[in-house]
Amino acid sequence: QVQLVESGGGSVQTGGSLSVSCGISGYTASSKSMGWFRQAPGKEREGVAAIASGVDTRYADSVKGRFTISQDNAKNTLSLQMNNLKPEDSAMYYCAASSTSLSWWSRLSPRYYAYWGQGTQVIVSS
């Protein structure tokens with residue numbers, strides 16, 4: 001049984017940094033994709049960053065240069081380092097894992113991910 005558990009959200013002022021992590025169990029990443037998604041109130045869930053085969057990353061344009069996704073297979077964790085945060089980054093952040101390998105074009109689309117964590121809240125105040 002795949003379990004994903006996020007941690008590390010919180011509140012920060014504009015320009016600050018936060019790191020969120022996802023503990024992974026019952027899952028073998030290999031060539032499959034893992035990603036971070038976020039959903040703000042009244043908005044659709046959107047892809048933020050994804051990683052495949054542990055090294056092949058993709059970022060949403062809105063976070064490029066500010067967010068970094070990483071995967072540590074030895075520790076079974078997926079992390080997202082968020083720098084220079086903006087109020088529009090405020091959302092519930094979810095960790096997700098796919099059940100198959102995904103094309104580059106699919107990696108930021110929530111519909112292709114089978115497993116989800118419960119989310120962790122990130123609030124950025126101006």
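As a basis for the values below, the full set of heavy atoms in this structure was taken, side chains included, without hydrogen atoms, waters or symmetry mates. All figures in this text were calculated on a predicted structure; none of them were measured in a lab. When a residue number appears, it is its place in the shown sequence, counting from 1.
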With rounding to the nearest 0.5 Å, note down the distance linking [atom1] in [X] to [atom2] in [Y].
X: L80; Y: S70; atom1: CG; atom2: OG; value: 8.0 Å
X: Q121; Y: S11; atom1: CD; atom2: OG; value: 8.0 Å
X: I24; Y: Q71; atom1: CD1; atom2: CD; value: 5.5 Å
X: R45; Y: R111; atom1: CZ; atom2: CZ; value: 15.0 Å
X: I123; Y: D89; atom1: CD1; atom2: CG; value: 12.5 Å
X: S126; Y: Q13; atom1: OG; atom2: CD; value: 9.0 Å

> Are D61 and K64 within salt-bridge range, i.e. N to O under 4.0 Å?
Replying inline: yes
Would you name the heavy atoms of [X] and [Y] that are closest together and state the gap between them?
X: S21; Y: S79; result: OG-OG, 3.6 Å
X: L4; Y: C95; result: CD1-O, 3.8 Å
X: A52; Y: R107; result: CB-CZ, 3.6 Å
X: Q81; Y: S19; result: OE1-CB, 3.4 Å
X: L85; Y: V12; result: CD1-CG1, 3.6 Å
X: G119; Y: E6; result: N-OE1, 2.9 Å

> Do L108 and Y59 pass the side chain to side chain contact (heavy atoms under 4.5 Å, CB included) test, and can you show the C-alpha distance, the side-chain angles, and the key distance before you say yes or no?
Replying inline: CA-CA 8 Å; L108 291 182; Y59 296 92; 5.9 Å; no
> Who are the side-chain hydrogen bond (donor to acceptor under 3.5 Å, both in side chains) partners of Y93, not counting sequence neighbours?
Replying inline: R38
>> The criterion is ring pair (Phe, Tyr, Trp, His ring centres under 6.0 Å); which residues satisfy it with Y94, sequence neighbours excluded?
In response: none
>> With side chain to side chain contact (heavy atoms under 4.5 Å, CB included) as the criterion, how do V20 and M82 come out once you've worked through the C-alpha distance, each side chain's angles and the decisive distance to 0.1 Å?
In response: CA-CA 8 Å; V20 290; M82 303 179 287; 4.0 Å; yes
> How far apart are the C-alpha atoms of S109 and S106, what are their side-chain angles, what is the distance that settles it, and do they pass the side chain to side chain donor-acceptor pair (under 3.5 Å) test?
Replying inline: CA-CA 5 Å; S109 177; S106 303; over 6 Å; no
>> Which residue in the set W36, F37, Y27 passes ring pair (Phe, Tyr, Trp, His ring centres under 6.0 Å) when paired with Y113?
In response: F37
> Within a radius of less than 6.0 Å around CD of Q118, do more than 12 heavy atoms belonging to other residues, nucleotides or ligands occur?
Replying inline: yes
>> Counting only heavy atoms not in E88 (residues, nucleotides, ligands), do more than 12 fall under 6.0 Å from its CD?
In response: yes
> Under the 3.5 angstrom rule, does the side chain of T14 hit a backbone N or O of S125 as a donor-acceptor pair?
Replying inline: yes
